[in-house]
Protein chains: 2
Amino acid sequence: MGLTKSEIFTAQQNTIATFAKVLGHPARVAILEHLYKIKSCVCGDLVDEIGLAQPTISQHLKELKQVGLIKGTIEGTRVCYCIDDDKWITMKAVIHEFLDQDLTKNQECC
Amino acid sequence: MGLTKSEIFTAQQNTIATFAKVLGHPARVAILEHLYKIKSCVCGDLVDEIGLAQPTISQHLKELKQVGLIKGTIEGTRVCYCIDDDKWITMKAVIHEFLDQDLTKNQECC
DNA sequence: TCTATTAATCGTAATATTGCAATAAACAAA
DNA sequence: TTTGTTTATTGCAATATTACGATTAATAGA
């Protein structure tokens, strides 16, 4: 079907999945890494930096913007993209909480 | 195309994306959470716990198994699934490293 | 052996994702 | 106004994902 049944999961589970999903493509990982490295950030730079066509980059930026991880400011003909630090911190907290579950070994089976 | 151009990204970027992708569905998040809570872990339990059909759960388990996050041991007619702690630790390290990039505010733009 | 139980696989339908060429939109500068 | 620059949008093709019914495979137990 290709359609996720989000209703049957908790809000937390859906939140984790939403953040993880957007990180689930190397281009978006690369974009975020690049936005961290440089201070002034423009889409054109990203097209050069990453080896994908401009519409493709634009689309990945859109997805990152939709979950709120980046924000874009129009500056003339250019758009200045940068990471939304608050959202990044939220994502970090959500994913960390999930990943840092207690590693009590399940020795009873396996 | 639907086909990710992994060649143009670094191994680290691809690794992050691979782990994130598998966490990018609430059912798989729920499965992992459940496997953490209980010690003895069986596929049937998961079908009851999560509200998806048995073939669907089986498919999600397969994806988790493919990235190595879980392992299954056959026990009679049942299969005992549990988290591969080593792989979990690897994933944690990889994702933490990415998420904990220095939050040096990009005040120069935005 | 026959039956029940459990999980994997197959097949299929619906939808989503990835990628890009072509085009549009928005603005700066000549 | 015209031209160039930059980013977004549209439209499309190819592939991937999600979900499930039907079936199969494997084993336990009567």
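Each chain gets a letter, A, B and so on, in the order its sequence line appears, and its residues count up from 1. Computed from a prediction, not measured in an experiment: that's the story for all the values here.
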Please answer whether the main-chain N or O of A:Ala30 pairs with a side-chain N or O of A:His34 as donor and acceptor at a distance below 3.5 Å.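 No, A:His34 side chain to A:Ala30 backbone: no donor-acceptor pair under 3.5 Å.
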Sidechain-backbone polar pair: B:Thr18 side chain, B:Asn14 backbone, donor-acceptor under 3.5 Å: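 Present.
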Atom pair distance, as rounded to whole Å: [atom1] in [X] and [atom2] in [N]:
{"X": "B:Met1", "N": "D:dA16", "atom1": "CE", "atom2": "P", "value": "12 Å"}
{"X": "A:Ile74", "N": "C:dA26", "atom1": "CD1", "atom2": "C1'", "value": "9 Å"}
{"X": "B:Gln54", "N": "D:dC20", "atom1": "CD", "atom2": "P", "value": "11 Å"}
{"X": "B:Leu3", "N": "C:dC20", "atom1": "CG", "atom2": "P", "value": "11 Å"}
{"X": "A:Leu61", "N": "C:dC20", "atom1": "CG", "atom2": "P", "value": "14 Å"}
{"X": "B:Leu64", "N": "D:dT17", "atom1": "CG", "atom2": "C1'", "value": "14 Å"}
{"X": "B:Glu75", "N": "D:dA26", "atom1": "CD", "atom2": "C1'", "value": "15 Å"}
{"X": "A:Ile50", "N": "C:dG19", "atom1": "CD1", "atom2": "P", "value": "11 Å"}

More 5' along DNA chain C: A:Ala27 or B:Thr56, using each one's nearest nucleotide?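 Its nearest nucleotide lies further toward 5', so the answer is B:Thr56.
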Remember a base hit wins even if backbone is also touched, and classify [X] as base, sugar-phosphate or nothing at under 4.0 Å, heavy atoms.
{"X": "B:Ile57", "answer": "nothing"}
{"X": "A:Leu52", "answer": "sugar-phosphate"}
{"X": "A:Thr4", "answer": "sugar-phosphate"}

Under 4.0 angstrom between [X] side-chain N/O and [N] OP1 or OP2:
{"X": "A:Lys21", "N": "C:dT17", "value": "yes"}
{"X": "A:Lys62", "N": "D:dT7", "value": "no"}
{"X": "B:Arg78", "N": "D:dA26", "value": "no"}
{"X": "B:Ser58", "N": "C:dA8", "value": "yes"}
{"X": "B:His60", "N": "D:dA19", "value": "yes"}
{"X": "A:His25", "N": "C:dG19", "value": "yes"}
{"X": "A:Thr77", "N": "D:dT7", "value": "no"}

Short side-chain donor-acceptor distance under 3.5 Å, B:Gln101 and A:Glu33: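 The answer is no; no qualifying pair exists.
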Distance flag, aromatic centroids of A:Tyr36 and A:Trp88, threshold under 6.0 Å: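 Yes, they do, as the ring centres are separated by less than 6.0 Å.
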Side chain of B:Gln59, base of C:dA8: donor and acceptor closer than 3.5 Å?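 It does not, because no donor-acceptor pair links the side chain of B:Gln59 to the base of C:dA8 below 3.5 Å.
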If you only use heavy atoms from C-beta on, which nucleotide in D:dC20, C:dA8, D:dT7 is closest to the side chain of A:Lys5?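 Given the options D:dC20, C:dA8, D:dT7, the side chain of A:Lys5 is closest to D:dC20.
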When you get a sec, tell me which of C:dA7, C:dT15, C:dC10 is the closest nucleotide to the side chain of B:Val79?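 Closest of the options to the side chain of B:Val79: C:dA7.
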What heavy-atom pair brings A:Val29 and A:Leu23 nearest, and what distance separates the two atoms?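 Nearest pair, atom of A:Val29 first, then A:Leu23: CG2-O, 3.3 Å.
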Name the orientation class of the two ring planes belonging to B:His25 and A:Phe9 (parallel below 30°, tilted from 30 to 60°, perpendicular beyond 60°).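 Answer is perpendicular, since the angle exceeds 60°.
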